[in-house]
Structure formats: structure tokens, C-alpha cells
Peer 1: 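This is the structure I have questions about; it appears just below.
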Amino acid sequence: MDAVTGFFAQQSPVVLWGLGGVLAVLTLAVGITALLPVLKPASDFTNLRQRIASWWVMIALLAGALLLGWQAFTALMIVISFIALREFLSLAPVRREDRLIVLAAFVAMGINYLFIILDDYGLYRVFIPTYVFLIIPFLMACIGQTRAFLSTTATFHWAIVTCVYNLGYIAFLMRTPAAEAQPAGAAGLVFFLLVVTEANDVAQYVWGKLFGKRKIVPKVSPNKTWEGFIGGWATTSALIWFLGPVFTPLSGIGLACLALFLPLAGFAGDVTMSAIKRDIGVKDTSALIPGHGGLLDRADSLTFTAPLYFHILAYFALDHF
């Protein structure tokens, strides 16, 4: 008991309160789900129950890794990037003769996270965008793969940047020194990113369901509307503006930039991944998460919001990066 008490005493009170708020919302969702069959007995709420049950598992994993520190969280992000990259490459038109390039992609993932472990942001920010970008096509040329050369190299580079490099920024936030990560520590920075990104997805969905009429990208995502997009953007921007100073060192113009652009980035990530899935001809990237689909289906917005959030913090508040 003393060990448990001591463990929680070392955590940021702001993060603990934030996690408590998330658990309260999930508990409320469970209660509403139990009530819905009584109110609408003819409807099937199986998918909703699956989604909420999956959220309990995802929140438990993320919360545990956050509270245990950067080592545990980096390990979790390595697993997440591995699964995301595997999902992407299992769906993309990758040929049997490209197996060496698939291996190279996973090796690049390992090196990318090694830079996070070593806290070397200088090498991290150039390794994949510059050197992996050059090495992948060179390897394809060396093994004589010239058929669909440009499209295949583009597929691999997009997969590595999206699933490894962009998501890796979340893990790098955990390396923020305590003196710079005030007021909620490095865990608070990551927690806030995850919460506002998911809140943006939920807000756009709710506003779209309530008031959506005008399609915004009907050929890519027919269920998305202008009303959902604008309502979600306004809701998330307000959330960032009022809670940003509680979890991050941002204020003034830096906070305003985050409130303005992060909801747009979340929407862009969602729509872009929808376009990729339509091109491939699939609805979900996998069936890994009951009620949600694949890991990439759940993390598509994060692939865009994570680097934007990191760079706004680095520019306005964090000298370490």
C-alpha cells in the first residue's frame, strides 16, 4: 500500500485529475449504454458497447505507460508503430519481391526509436525524412526492382513517415525536461495531445450527427459534413484555449496557433487515411480493436496532430527541441 501511495504521490496532480476525468466520462458512457436498450429496444447497440469496452483497454494501457515514465511509454509507442506499419504494409500493394524493402522499413523503425531513447532530436528529425527517403529507392534499384518503381517507393515512404516518424513525436514529448514541461510535466503534454485529438474526432462526429447536412468531402468520406467540421473545430479550439495552460506551457499566440490549427490537422489526418483506404478498397485497416477496426483507424488523426503539436511546443515553449 505504501508503495502504491508513493507511486501516485510522484505523479503530476494535474495528470491524475485529467485521467480521473477521462474515467468519469467512460463510466458515464457505460451507464448511457446500459440505458439505451430500455429507451430504444428495437435498436442494436452491440457496436457501441464494443467501442466503449475497447476504450477501457486503450485508456488503461496509455495511462499505465504515461505514469510509468518515458521508458514504458516509448516501449508502448514502439509496439503501436510496429502494428500500424504492419497494418499499412499488409493493405498496400506490396509485392513478394519487395520483402527486403519491408525488412528495411522495420529496421528504420527501430533506428528511429533508438534516437528517441538516446534523446537525439537532431538525428531523429532528419533520419526518416532525408536518409530513409533516399535509401529505400536505392535498395529497390540495387535488387533490380524497376516495375512500378515510383509508386512503390512512395508507398513505403508514406507508410514509414505516417506510422513511425509522425507517431514517434508523441514518444519524444516524454523526453521533455521537467523544468520545461510545466505545469503538468511531460506526461501532461502527451495526455493533452491524446485528449484533444480524440475530443476533436468525437465533437465532429456529434455535431455532424446532430446538424450535418452539407457534405464536405463526399467522394472520400460521405458522412463528414461542414456542420460537423465547423462544430468540432469550434468545440476543440475552445477546449484547447481553456485547458491548454493547465497542461502545457503555451500561452498567447502559441496557444492560439494550437487552438486554430490542431483541429484542422485532426480532420486532415482522418480524411487522408479515408482516401487511402478508399484507394485500397477497404473499410478498416484491420479488426484488431473491437468496434473500432484497426490501430490505424484509431490513430489516423494523431498521425497529423502529433507533429504539429510537437513543433508548436518546440517553437513557442520548449528549448530542449
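All values below come from the heavy atoms of this structure, side chains included, with hydrogens, waters and symmetry mates left out. Computed from a predicted model, the values in this text were never measured in an experiment.
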Peer 1: Between Y309 and F192, what is the ring plane arrangement, given parallel below 30°, perpendicular above 60°, and tilted in between?
Peer 2: tilted
Peer 1: Within the side chain of T162, is there an N or O that forms a donor-acceptor pair under 3.5 Å with the backbone of W158?
Peer 2: yes
Peer 1: Is L302 close to N166 at the side-chain level, that is, under 4.5 Å between some pair of heavy atoms?
Peer 2: no
Peer 1: Can you tell which of V195, L62, L66, T176 makes a side-chain contact (heavy atoms from CB on, under 4.5 Å) with V190?
Peer 2: L66
Peer 1: Given side chains that start at C-beta, do those of W70 and I117 come closer than 4.5 Å, heavy atoms only?
Peer 2: yes
Peer 1: Are I230 and Y205 connected in the hydrophobic side-chain network, where two residues link if heavy atoms are under 4.5 Å apart?
Peer 2: no
Peer 1: Under a 4.5 Å cut-off applied to non-hydrogen side-chain atoms, are Y169 and L193 in contact?
Peer 2: no
Peer 1: Give a yes or no on whether I52 and L23 share a hydrophobic cluster (residues Ile, Leu, Val, Met, Phe, Trp, Tyr; joining criterion: side-chain heavy atoms under 4.5 Å apart).
Peer 2: yes
Peer 1: For F304 and F267: C-alpha separation, side-chain torsions, deciding distance, then whether ring-ring contact (aromatic ring centres under 6.0 Å, His included) applies.
Peer 2: CA-CA 9 Å; F304 276 53; F267 174 80; over 10 Å; no
Peer 1: Taking the side chain as every heavy atom from C-beta outward, state whether D319 and P177 have any pair of such atoms under 4.5 Å apart.
Peer 2: no
Peer 1: Any donor-acceptor pair under 3.5 Å linking the side chain of S81 with the backbone of C163?
Peer 2: yes
Peer 1: Please report the C-alpha distance between R125 and Y165 in whole Å, then the side-chain angles of each, then the deciding distance to 0.1 Å, and finally whether the side-chain contact (heavy atoms from CB on, under 4.5 Å) criterion is met.
Peer 2: CA-CA 8 Å; R125 63 183 176 180; Y165 183 70; 3.9 Å; yes
Peer 1: What are the two closest heavy atoms between M140 and F149, and how far apart are they?
Peer 2: CB-CE1, 3.7 Å
Peer 1: Locate the shortest heavy-atom distance separating N200 from G266; write the atom from each residue and the value.
Peer 2: ND2-CA, 3.9 Å
Peer 1: For F156 versus I136, what's the shortest heavy-atom pair and its separation?
Peer 2: CB-CG2, 4.1 Å
Peer 1: Suppose we call two aromatic rings close when their centres sit under 6.0 Å apart. Are H320 and Y121 close by that rule?
Peer 2: no
Peer 1: Answer yes or no: does atom CH2 of W56 have more than 12 heavy-atom neighbours from other residues, nucleotides or ligands under 6.0 Å?
Peer 2: yes
Peer 1: Which of parallel (below 30°), tilted (30 to 60°) and perpendicular (above 60°) describes F321 and F172?
Peer 2: perpendicular
Peer 1: Drop me the distance from F316's CZ to C257's SG, to the nearest 0.5 angstrom.
Peer 2: 4.0 Å
Peer 1: Is there a path of hydrophobic side-chain contacts, each under 4.5 Å between heavy atoms, that joins V57 and F73?
Peer 2: no
Peer 1: Passes side-chain contact (heavy atoms from CB on, under 4.5 Å), T272 versus D300? Steps please.
Peer 2: CA-CA 8 Å; T272 302; D300 51 7; over 6 Å; no
Peer 1: Are more than 12 heavy atoms, taken from residues, nucleotides or ligands other than I253, located less than 6.0 Å from that residue's CD1 atom?
Peer 2: no
Peer 1: Please say yes or no: joined through hydrophobic side-chain contacts below 4.5 Å, possibly via intermediate residues, are L173 and L76 part of one cluster?
Peer 2: yes
Peer 1: Centres of the F211 and W207 rings: under 6.0 Å?
Peer 2: yes
Peer 1: Any salt bridge between R214 and E227, counting N to O under 4.0 Å?
Peer 2: yes
Peer 1: Could you check L16 against L67 for side-chain contact (heavy atoms from CB on, under 4.5 Å), going step by step and ending with a plain yes or no?
Peer 2: CA-CA 9 Å; L16 293 178; L67 297 179; 4.1 Å; yes
Peer 1: Mind listing the closest non-hydrogen atom pair of F88 and A159 along with its distance?
Peer 2: CD2-CB, 3.5 Å
Peer 1: Going by atom types alone, do D297 and T285 pair a side-chain donor with an acceptor below 3.5 Å?
Peer 2: yes
Peer 1: Is there a donor-acceptor contact under 3.5 Å from the side chain of T235 to the main chain of G232?
Peer 2: no
Peer 1: Assess whether side-chain contact (heavy atoms from CB on, under 4.5 Å) is satisfied between I80 and M77, documenting all intermediate values.
Peer 2: CA-CA 5 Å; I80 288 173; M77 288 305 304; 3.9 Å; yes
Peer 1: Do V164 and L134 share a hydrophobic cluster (ILVMFWY, side-chain heavy atoms under 4.5 Å, transitive)?
Peer 2: no
Peer 1: Could you label the plane-to-plane angle of the H292 and W55 rings as parallel, tilted or perpendicular, counting under 30° as parallel and over 60° as perpendicular?
Peer 2: perpendicular
Peer 1: With a 6.0 Å cut-off (strictly less than), is the heavy-atom count around CZ of F7, excluding the residue itself, greater than 12?
Peer 2: yes
Peer 1: Under 3.5 Å, side chain of W226 to main-chain N/O of K213, donor-acceptor pair present?
Peer 2: no
Peer 1: T248 side chain to L189 main-chain N or O, any donor-acceptor pair under 3.5 Å?
Peer 2: no
Peer 1: Given side chains that start at C-beta, do those of P245 and S251 come closer than 4.5 Å, heavy atoms only?
Peer 2: no
Peer 1: Let me confirm one number: the CD1-CZ distance from I128 to F133, rounded to the nearest 0.5 Å.
Peer 2: 13.0 Å
Peer 1: Would you give the length of the straight line joining atom CZ of R298 to atom OG1 of T197, rounded to the nearest 0.5 angstrom?
Peer 2: 10.5 Å
Peer 1: Any chance you could measure L295, atom CG, to D284, atom CG, to the nearest 0.5 Å?
Peer 2: 12.0 Å
Peer 1: Restricting to non-hydrogen atoms, name the atom on P218 and the atom on K215 that form the minimum distance, rounded to 0.1 Å.
Peer 2: CB-CB, 3.9 Å
Peer 1: Would a 4.5 Å heavy-atom cut-off, applied to side chains only, mark P129 and V161 as touching?
Peer 2: no
Peer 1: For G168 and I116, which heavy atoms make the closest approach, and how far apart are they?
Peer 2: O-CD1, 3.4 Å
Peer 1: Between atom OG of S237 and atom CG of L258, what is the distance when rounded to the nearest 0.5 Å?
Peer 2: 9.0 Å
Peer 1: Between atom OG1 of T153 and atom CG of L139, what is the distance when rounded to the nearest 0.5 Å?
Peer 2: 11.5 Å
Peer 1: Is there a side-chain contact between Q204 and S301, using heavy atoms and a 4.5 Å cut-off?
Peer 2: no
